[in-house]
Amino acid sequence: MSEQQSRQGWIIGIIVVIIVAAAAYWLWTGDEKKKEIPATKIIEEPETAPEPETLAQPEEQPPVPKALEPAPAEKPAEEPGREPPPPLNNSDKAAYQDLMGLAPDNALSRWLVPSEVIRKWVAAINAGSRGTLIYKHRPLKSIRGPILVTGSSAEGYQLSPSNYRRYDQPVRLFALMNTETAVSLYQYWYPRLAQAYGELGIRNKTFHQVVLEAIDKVLAAPEIEGPIQLVRPSVYYKFADPKLEKLPGVQKLMIRMGPENAIRVKEKLKELREKLEAVPVQQPQSNP
């Protein structure tokens, strides 16, 4: 039995990004170039070069193991009379509405992209599990405006604390999200997430594993105290510390959103990960 054929469920993309885990991802700005350290929304910051992945582009993968790790078993819909999730190609409206329900007063409408919802979140979380951030097919809208810095070329640049404030609203919405509701949606939508993940041509792990890996990648981001020093060797800003500059994109994002926002994101991701690990699982059949 393939993963997309098993009856399982899903997580809201806001994790990644943190992922999600969220997520989620994260990624991009509308006004800055890819090589610049951008101030963008959660799960939305660029790397030095564009992420080559597309929604249905296969990746080179190691040989398929004989057995996959367990993936979450589907949770029956708690709403009376709710049907199984719609087909993937017709899932945008229902998936978008479910995500919107995770915050009051349509607050997430400012951030969520309403088209190809499942596929975009799967692509973002898959990239996040490797520590990278995608440019194409992003599931979240951009924070506009240039990066905010202090200092000068003579005295050196620092990432401005004002830059952190631009992340405050999406981080607050993520931190206030009801974890039980998010996990229920994870289980309900997982068959479609698994199907979209299968379209990427990856066969050596389940999407559930990828979600957990993306969360772990974000949680591994270093916690930086004090001002963040920048350099500007050409047009674009970079971290002055070579160790920070070499970090994966999702971990750079955690630094750029500021220490307080990063702590809130990590706290929520730890809570989500604990719940996800406790989700009932069913074991896929071993491959011959």
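When all heavy atoms are compared, the tightest approach of Val231 to Phe239 is CG2-O, 4.1 Å. Contact between Pro222 and Gln251 at its shortest, heavy atoms only, is CD-OE1, 4.0 Å. In terms of heavy-atom proximity, Ala175 sits nearest to Lys268 at O-NZ, 3.5 Å. Of all heavy-atom pairs spanning Glu116 and Asp92, the tightest one is N-OD2, 2.8 Å. The two residues Ile118 and Ala196 come nearest to each other via the heavy atoms CG2-CB, 3.9 Å. The minimum heavy-atom distance linking Lys238 with Pro233 is given by the pair CD-CG, 4.3 Å.
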### Message
Using side-chain contact (heavy atoms from CB on, under 4.5 Å), reason through Val117 and Leu112 one step at a time and then give a plain yes or no.
### Response
CA-CA 9 Å; Val117 176; Leu112 297 175; over 6 Å; no
### Task
Determine, step by step, whether Glu199 and Leu88 satisfy the side-chain contact (heavy atoms from CB on, under 4.5 Å) criterion, reporting the C-alpha distance in whole Å, the side-chain angles of both residues, the deciding distance to 0.1 Å, and the verdict.
CA-CA 11 Å; Glu199 291 177 351; Leu88 182 59; 3.5 Å; yes
### Task
For side-chain hydrogen bond (donor to acceptor under 3.5 Å, both in side chains), just list the numbers for Arg119 and Asn89, CA-CA rounded to whole Å, side-chain angles, deciding distance to a tenth of an Å, and then say yes or no.
CA-CA 10 Å; Arg119 289 186 173 101; Asn89 289 338; 2.8 Å; yes
### Query
Do Ser91 and Trp189 pass the side-chain contact (heavy atoms from CB on, under 4.5 Å) test, and can you show the C-alpha distance, the side-chain angles, and the key distance before you say yes or no?
CA-CA 10 Å; Ser91 63; Trp189 280 102; 3.8 Å; yes
### Task
Go through the steps for Gln209 and Thr206 under the test side-chain contact (heavy atoms from CB on, under 4.5 Å), then give the verdict.
CA-CA 5 Å; Gln209 288 175 292; Thr206 68; 3.4 Å; yes
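Looking at Leu108 and Phe174, their side chains never come closer than 4.5 Å, going by heavy atoms from C-beta outward. Under the 4.5 Å side-chain criterion, counting only non-hydrogen atoms from C-beta, Lys93 is not in contact with Pro114. Counting heavy atoms from C-beta on, the side chains of Gln158 and Leu230 never come closer than 4.5 Å. Contact annotation: the side chain of Asp241 never approaches that of Ile224 to less than 4.5 Å [non-hydrogen atoms, C-beta and beyond]. For the pair Leu212/Arg273, a side-chain contact is recorded, criterion being any heavy-atom separation below 4.5 Å from C-beta on. Looking at heavy atoms from C-beta onward, Val250 lies out of side-chain contact with Thr132 at the 4.5 angstrom threshold. Looking at heavy atoms from C-beta onward, Phe207 lies out of side-chain contact with Ser129 at the 4.5 angstrom threshold. Considering only heavy atoms from C-beta on, Leu272 comes within 4.5 Å of Met177 through its side chain.
In this structure Glu225 satisfies the salt bridge (charged side-chain N to carboxylate O under 4.0 Å, His left out) test with no other residue, sequence neighbours excluded. Partners of Arg165 according to the side chain to side chain donor-acceptor pair (under 3.5 Å) rule, which considers only residues two or more places apart in sequence or in another chain, are Asp168. In this structure Tyr164 satisfies the ring pair (Phe, Tyr, Trp, His ring centres under 6.0 Å) test with no other residue, sequence neighbours excluded. In terms of the salt bridge (charged side-chain N to carboxylate O under 4.0 Å, His left out) criterion, Arg264 has no residue partners (sequence neighbours excluded). Looking at residues two or more places apart in sequence or on another chain, you find no salt bridge (charged side-chain N to carboxylate O under 4.0 Å, His left out) involving Lys217.
In this structure a side-chain-to-backbone donor-acceptor pair under 3.5 Å is present from Asn178 to Glu180. Formation of a donor-acceptor pair under 3.5 Å by the Glu277 side chain with backbone atoms of Glu274 is not found in this model.
Note on ring orientation: taking the six-membered ring where Trp is involved, the planes of Tyr157 and Tyr237 are perpendicular (angle over 60°, cut-offs 30° and 60°).
Counting non-hydrogen atoms of other residues, nucleotides and ligands closer than 6.0 Å to NZ of Lys275 gives a total of 12 or fewer.
Here Gln229 contributes atom CD and Leu244 contributes atom CG; the two are 10.5 Å apart, rounded to the nearest 0.5 Å. The CG atom of Asp98 sits 10.5 Å away from the OG atom of Ser184 when rounded to the nearest 0.5 Å. Here CD1 of Ile125 is found 8.5 Å from CD1 of Ile215. Values are rounded to the nearest 0.5 Å. In this structure, the separation between CZ on Arg110 and CG on Leu173 is 9.5 Å, given to the nearest 0.5 Å. A distance of 10.0 Å separates CD in Gln97 from CG in Asn106, rounded to the nearest 0.5 Å. Rounding to the nearest 0.5 Å places CG of Asn163 at 11.0 Å from CD1 of Ile228.
Salt-bridge annotation for Lys205 and Glu213: present, with a side-chain N of the basic residue lying under 4.0 Å from a carboxylate O of the acidic one. Salt bridge status for Glu267 with Lys270: absent, with no side-chain N to carboxylate O gap under 4.0 Å.
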Which donor-acceptor pairs under 3.5 Å do side chains of residues 145-154 form with protein atoms, sequence neighbours excluded?
unit_1, atom_1, unit_2, atom_2, d
Ser152, OG, Ala154, N, 3.4
Ser152, OG, Glu155, N, 3.4

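Neither side chain, Arg166 nor Asn261, offers a donor N or O lying under 3.5 Å from an acceptor on the other.
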